[in-house]
Amino acid sequence: PLVRAAVLQIGTVNWELSTIIDNGLDEKHGFRLEMQPYADNGATRVAVEGDEADMAVADWIWVARQRAAGKDYVYIPYSKAVGALLVPGDSTAQSLRDLAGGKVGIAGGPLDKSWLILRAYAQRLHEMDLEAETEQVFGAPPLIFKTGLSGELDGAINFWHFLAKMKAGGMRELVNVDTAAVELGLDPDLPLLGYYFKQSFLDAHPGLAQAFYDASREAKALLASEDAAWEALRPQMNAANDAEFEALRTDWLAGTPTPGSVDTASADAFLKVMNDLGGAELVGEATTLPEGLFVELE
Amino acid sequence: MGDPATVGAARAALADRVIRVNVIRKTFGASVVLDRVVFDINPGETVAILGPSGIGKSTLLRIVAGIDTAYEGEVERPAALAIVFQEPTLLPWRSALRNLTLVHPGLSDDDARAMLGKVGLGDKAGLFPRQLSLGQQRRLALARAFAGAPELLIMDEPFTSLDPATAEAMLSLTERLIAEVRPATLFVTHARSEADRLADRILELRGAPATLAPHLIRNGASS
Amino acid sequence: MGDPATVGAARAALADRVIRVNVIRKTFGASVVLDRVVFDINPGETVAILGPSGIGKSTLLRIVAGIDTAYEGEVERPAALAIVFQEPTLLPWRSALRNLTLVHPGLSDDDARAMLGKVGLGDKAGLFPRQLSLGQQRRLALARAFAGAPELLIMDEPFTSLDPATAEAMLSLTERLIAEVRPATLFVTHARSEADRLADRILELRGAPATLAPHLIRNGASS
Amino acid sequence: MTDKRTVTALSLFGLLLLWFAAAALTADPQILPSPAALVQPFLREAASGELPYHLSQTLIRVAWAFCLAMALGIALGLLMGRSERVDRWLDPWLVVFLNLPALVLIVLCYLWIGLNEVAAIVAVTLNKVPNVATVVREGARALDPQLDAMARVYRMGRLTRLVHVTLPQLAPFIAASARSGVAVIWKIVLVVEFLGRSSGVGFKIHMFFQLFDVAMVLVYALSFIAVMLAVEWAILQPWERRVRRWRTA
Amino acid sequence: MTDKRTVTALSLFGLLLLWFAAAALTADPQILPSPAALVQPFLREAASGELPYHLSQTLIRVAWAFCLAMALGIALGLLMGRSERVDRWLDPWLVVFLNLPALVLIVLCYLWIGLNEVAAIVAVTLNKVPNVATVVREGARALDPQLDAMARVYRMGRLTRLVHVTLPQLAPFIAASARSGVAVIWKIVLVVEFLGRSSGVGFKIHMFFQLFDVAMVLVYALSFIAVMLAVEWAILQPWERRVRRWRTA
Ligand SMILES: Nc1ncnc2c1ncn2[C@@H]1O[C@H](COP(=O)(O)OP(=O)(O)OP(=O)(O)O)[C@@H](O)[C@H]1O
Ligand SMILES: Nc1ncnc2c1ncn2[C@@H]1O[C@H](COP(=O)(O)OP(=O)(O)OP(=O)(O)O)[C@@H](O)[C@H]1O
Ligand SMILES: [Mg+2]
Ligand SMILES: [Mg+2]
């Protein structure tokens, strides 16, 4: 069958998907993958909803929310890469507490997962209301990237590939969201980002979910072991220099989740924390994990 | 313009109908302008309207022409009208020639040029109305009215802003046209001499609200 | 309007200067309209201009008033002008009263009303120009010109579109104004009788391109 | 008057019916929820203070940008429409700025001025000025030269001329650019807000769009539209009626 | 003629100088690259065929949406401006659609019609029609009743009246809405493209913005602007000069 993937033209998922296509991994697993590039996340979602594509990339909280609202979306894990909070290289801040009274730039908006986890973390560790004690500036990722580098912000939370570039540009990691998650008792191996399909599409093609997942794992394995695979991707990675290239590659590989199905128990725990922090605005009606969200994989 | 004989024949078949004007009241807001202005115009007859400035002459003509429909009463009029407004009312974005041919699609460019010649604008065919003097614009408006074969010709002070010689030329032209096409004609003038010369009958508006003067002044000279 | 004696005194000090009109050539594109139109107007003098329709009278007035500056030659004129255009040229979005007071900020509402009364528009102060008949609009334009104390008064066919009685009233009003304020006056008319009555001197435009007729017709009656 | 109101009410009611019908046809509340489904979320947002807060933020930005853009745009348009020389010099700039994508101007403003309120308002204003200028320039070109000559001969003051001779002639053009202006400005404010502000309707709409929550997107969008309808009826239309009185009298 | 061209060239040159200066002041090619730095990327994109392809895609969309929006908008505006009754009924709809965020209309169109070219063009058209209608309605309200009376008395044909009596009076309004219309349409096309098309200048601009490649953003934006300048000089201005001839003659 043909699987049409709606992706951001510059998304990091494309590195995996291109590798699948370039190495014939799709044919090998009995399907054909086609990438449809769009310029905006919203566009990829409209594409799936409008049946112009069969899958797109989202975090599972979002997919859970949609599923709870009645959409038959299901989720296949892709990456556990999460964000971090960066501070300027010359900042004296040593912990979140030192950001009090400062200005924090956040790329994903007030419901950004990294931001929510960090808020909970600050609460737990410092008994600090991060939202009340800092000024937040929500902006488009590139603007946060640029203003962060210019030193105008006291702290910045961005998507991971921008973080890699910002670190390469001299900014320093203050808190990693992974650390914060562990501190909060959450499972750091939970693959936050993944592919979502319509259940009806998967039902029409039995075995496709597993086949696609296998192709994805094989591509990851290939990228973990072979430099040549990365060289093939380099043109689309937009790395300004070798340092950025290396940072992107390392961080991308670090996001590889453990194989197999998502652990529903830890997902449920995670969702609870998100519900506490983000409320209905974030999770919608998905106050508990909707049935059948995660595809059974091996 | 058409051949006078043919036009006359067609007219006889088509429109030997009386034009009936029966304006019971015409008001603007609270002020009554016209009160019981009732008269007929026979086919081929020429009627002049006299009256002081601001009495309601133009208002009456607009009602007769069917432009103003907000009045009490009714008017029976033929369909083929021609009108000369008190102001030229030309299409400023079209040349003098086009101002004729657009309004009369049947008129050939040559006929239109001939018509312009008759009102003394033979060499102005290509100019825009703004490039004409006011008197020239008024003559263009006259030419526009004369270029059709109207059954009813309405003119609001057609010969002002013209020097005596030009005015005389326009008067004769009008006389010729009326003789040829024999439209029913209703026109406003302030010059008694014009009225005497052209009109079969003279009506006078008087008073406030304006009514037709009790004794209709008849022109002894004609008909 | 001001007290005539005071105005007269001020005028004597300020403006006993001759108005010099020296138009060597005025062309529109290829066509020459005016050719060597040269004359003076003395302070307090009234000059009438006659000439057939389309010869260039309005063009000449626009040059004298300083509206049209695209000509060869020069004109010496005072600053305090008043003009009556051939068309009323009012502000259609302002009432009759405001059309006077906006143009003459010094004029009180009462004076403006008095002025409207003089031209027979006493009860029309609140109407917009579109609500006036054309003759009423022309009188409003006259009132606007008379309401200042101009040193040079320019009028383009000021008394057309008026019935004989109203025209007569406007003529007398003009005579009174000229006698009071004593502006230099230049006006166009087609009626020889108006020229004879008002003007100290009559100029005639003739020919193509128009020139002043070789013998200036002088008005025997006055000065 | 009452009759007019009835028609307006009926007309809006018709729109509502159409929406009900479309929602019933779509039969997917995630794509197009029916109007009834919006009442609950609307009340919740209104009660929580979220909606009034973000709406007021947006309205302040729109009001600032509107006043600035109209003032600058009218001045520029008038200047360019009246002087062939100025027009010739500024026209290429006008075309360039008119067609510069909002995104580019907004991003540049944010980067130069900083991620703050001033940058947001400047960005919107710069986006809108060329628009107003374009429309008003056409109006200025159509000004009646006769009235102008009259005003000059009678030496009317500059201000009097502007207010009583020029602006009344420009009124239709100003009304047109004001009305379509508010709409364009608000659309740009939406972009400005989602690119770099932390409050405002645009910020919320974009957030809810990311969540694919069409109902909330509509709640915020329609709240602004309701305000615009109110402005239209309370300010714009009475003003227009007054200004247009001479035409219909 | 040559003189006019000189002024235009000088004026554009001035803009270029300003840009050089701004770039020098900014001193950060990532925020505002100097014009010189764009030549290389421009040539590369042009040679690779990317730029011509995406530009032509956008131009086709703009052209379609422009023609549709102008035709519908003029018709609607004329109708509403001339008939008080129609206006009273449609006015609330106009205000609603005028102020409906582009995002909402675009997403609804994509979801209803599908993620295809038709949806994109319909979305842009629907966004722009209210704008044109608003401007043209003001023009229709300002039509000269005397000319109308003349045309009716002389029983001029419908088409003749439209073409020779009505449209010449609307010309300034149509010119205004055409010019600012192309600009608005192209801005909406940008949004439409980044929300659901895989080609076009908007798609590329948004992509390069995500990459924070301002130079490429400018290359694409300016290419479109260059086309608009060409359209302005080759079509719009000569047309305007012809239509406006009677004013200046
Ligand atoms: N729209 C209007 N609103 C109020 N009054 C009006 C309106 N139109 C005309 N009038 C009044 O109606 C009267 C008659 O006007 P009309 O134009 O018919 O006069 P007229 O006889 O043609 O005068 P003239 O010889 O000066 O042209 C005038 O007193 C005028 O003020
Ligand atoms: N802009 C223009 N372009 C070309 N010719 C023009 C222009 N303006 C005026 N003319 C011509 O100049 C001549 C003089 O016009 P003007 O208006 O001065 O005449 P006039 O003597 O006032 O006539 P009237 O008594 O009819 O008002 C006319 O033949 C007219 O066609
Ligand atoms: Mg009249
Ligand atoms: Mg004249």
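Remember, it's a predicted structure, so these values are computed and weren't measured experimentally. We name chains A, B, ... by the order of the sequence lines, and we start the count at 1 in each one.
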Every donor-acceptor pair from chain C to chain D under 3.5 Å, please, each on its own line.
unit_1: C:R62; atom_1: NH1; unit_2: D:Q146; atom_2: OE1; d: 2.8
unit_1: C:A79; atom_1: O; unit_2: D:R155; atom_2: NE; d: 3.4
unit_1: C:I83; atom_1: N; unit_2: D:Y154; atom_2: OH; d: 3.1
unit_1: C:I83; atom_1: O; unit_2: D:Y154; atom_2: OH; d: 2.6
unit_1: C:W93; atom_1: NE1; unit_2: D:H164; atom_2: O; d: 2.6
unit_1: C:R94; atom_1: NE; unit_2: D:H164; atom_2: ND1; d: 2.9
unit_1: C:R94; atom_1: NH2; unit_2: D:H164; atom_2: ND1; d: 3.2

Next on the checklist: Within a 6.0 Å radius of atom CZ on D:F42, are there more than 12 heavy atoms belonging to other residues, nucleotides or ligands?
Outcome noted: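 Not buried by this count: 12 neighbours or fewer within 6.0 Å.
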
Checklist entry - Under a 4.5 Å heavy-atom cutoff, which of D:A171, D:P168, D:G157, D:P145 has the most pairs with chain C? => result D:P168

Item to check | Contacting region of C:L90 [heavy-atom separation from chain D under 4.5 Å] | outcome: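 For C:L90, the backbone is the part near chain D, not the side chain.
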
Under a 4.5 Å cutoff for heavy-atom pairs, which residue among [options] has the most contacts with chain D?
{"options": "C:I67, C:V103, C:I83", "value": "C:I83"}
{"options": "C:A79, C:A145, C:P105", "value": "C:A79"}
{"options": "C:L127, C:L91, C:L81", "value": "C:L91"}

Next on the checklist: Need one label for D:M156: side chain, backbone, both or neither, based on atoms under 4.5 Å from any heavy atom in chain C.
Outcome noted: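 Only the side chain of D:M156 comes within 4.5 Å of chain C.
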
